[in-house]
Amino acid sequence: MQKILILDFGSQFTQLIARRVREMNVYCEIVPYNKLPELTADIKGVILSGSPFSVRWENALRMDLDKVSGKTPLLGICYGAQLLADHYGGEVSQSDKREYGKVMLQQHAPNDPFFNGISKRSQVWMSHSDTIVRLPVGFEVLGNSDTIPYAAFRSVSGRFEQPVYGIQFHPEVYHSLEGFEILKNFVLNICGCSGDWTAAHFVDETIESLKKQIGKEKVIMALSGGVDSTVAATLLHRAIGDRLFCFFVDNGLLRKNEFEDVLESYRGMGLNIEGVDAKERFYKALEGVSDPEQKRKIIGRLFIEIFEEESEAHPDFQWLGQGTIYPDVIESVSVHGPSVTIKSHHNVGGLPEKLKLKIVEPLRSLFKDEVRRVGKELEVSPNILNRHPFPGPGLGIRILGDITPEKVRILQEADAIYINKLKQFELYDEVWQAGTVLLPIFSVGVMGDERTYEQVVALRAVNSTDGMTAEWSHLPHEFLAEVSSEIINNVKGVNRVVFDISTKPPATIEWE
Ligand code: XMP
């Protein structure tokens, strides 16, 4: 399969480059700058990412560029371009001021395939404090900006067998108005990728390779009702049929009726699935526990225990299926050391090796929106594909403080009203994630002639692309008014509803 390799030097935009390449229906992989694989014929081109480092620093991230230059088309972006200039004998120096923001690129090589169809003056986005002040011998300039002389350059023809390009702007961000076209020129025209890596193509290829990989063996898999595990299971089911066995655990912390609804839709899809009612076990283990991390650990541990029991009850399985997706596996260059664990997300890792199962992860190479496209291709119900993300510990981290079945009931009722109303107002798809939080405080209210002293529910709704940052959603007041009165009038135990208007960072999406 044709692919583009992206060597990561730690830029915050590396994943975005990969996204853009995938949008051209070309498969690509991100690898750390110091883990260059052998350049096999399927690698059609290489892109060097940007970096927070400077090539002038002693600890600059370096690699042997001679292993790539000339072997396959090469494009250096920002730091990548400076690294090329530096390596081949040009000069990079610190400019007087950091060049940051929108800049006009003047390209003067309309006949070069790199700028094919690109305006003579084109808005691009720059973010660097170093700049190339002298090009190496054997390279020529293709474009400049008002402040920098070598905004784009290439190796002169004949210098290498395959062309080497460098640009000091970021074509992958939207502020570079023709950036996508420029990247396309590189990937499709210069590297010669055919751009036929579509969802349908992925489905056919994956089913074939799963058939080979699994052979006559059997796969066990826990489903969560979420997009990733459902799409992964559907692919496996297409490949090996009922030799895929799935189970879905009711941990008592799911949304209202979710266990029954999800189980039913899985059965409707023909999956060989068993529901495991473990509500009481979870409630018992969580009794009296209010520390959020403690709750997460207990929920995670119990889930693993149940998983072990299930796999012991089905000992003839050799494989464990997982819905891991690409952002979970990218081995990014960590510039600031290993990233700090802010919350212990239990549901990805942690499955004990003692199960002695081989792991199969059909979605390992896909981004989230690609998983949705594959799901659509597989005719997975839009109900599942367009679901908001829901944390593994579920309502357990939305009930602040200790958890009781009664609090779960209150929150499930309030949450169901909120989510149904979002759908009714056609706001559900506008919001990235929404949910209710049960606060551990009581407030005074009045109902009829009586004073009440009951709990508070907070509504949370955010817009985000990946959950790393988020803005609170500006939901209409009429909508909020209806949700509030419906919750207060119908959910016994709640007399006050508030709306969370905090952005992430510094707040997080969940309250615990
Ligand atoms: P935060 O609260 O960290 O959430 O801003 C970011 C995203 O992660 C989800 N989240 C979790 N998901 N296990 C999960 O599977 C967890 O323990 C967990 N905590 C937060 C959260 O719902 C949001 O989508």
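Every number for a ligand or one of its atoms is a count from 1 in the order of the listing.
- Each of the following atoms of ligand 1 lies closer than 4.0 Å to a heavy atom of I397: 19 (N).
- Residue K504 has at least one nitrogen or oxygen atom sitting less than 3.5 Å from a nitrogen or oxygen atom of ligand 1, judged on distance alone.
- Under the 6.0 Å distance and 45° angle rule, R364 does not count as a cation-pi partner of Y326.
- For a threshold of 3.5 Å applied to N or O pairs, the pair formed by W432 and ligand 1 contains no separation below that value.
- Any N or O atom pair closer than 3.5 Å counts here, and F390 shares no such pair with ligand 1.
- Atom OH of residue Y79 and atom OG of residue S127 lie 14.5 Å apart, to the nearest 0.5 angstrom.
- A cation-pi arrangement, defined by a distance under 6.0 Å to the six-membered ring centre and an angle within 45 degrees of its axis, is absent between K3 and Y27.
- The distance from ligand 1 to the heavy atoms of G392 drops below 4.0 Å at these ligand atoms: 12 (N), 13 (N), 14 (C), 15 (O).
- The CE atom of M24 sits 9.0 Å away from atom CZ of R20, with the distance rounded to the nearest 0.5 Å.
- The aromatic ring centroids of F248 and F259 lie less than 6.0 Å from each other.
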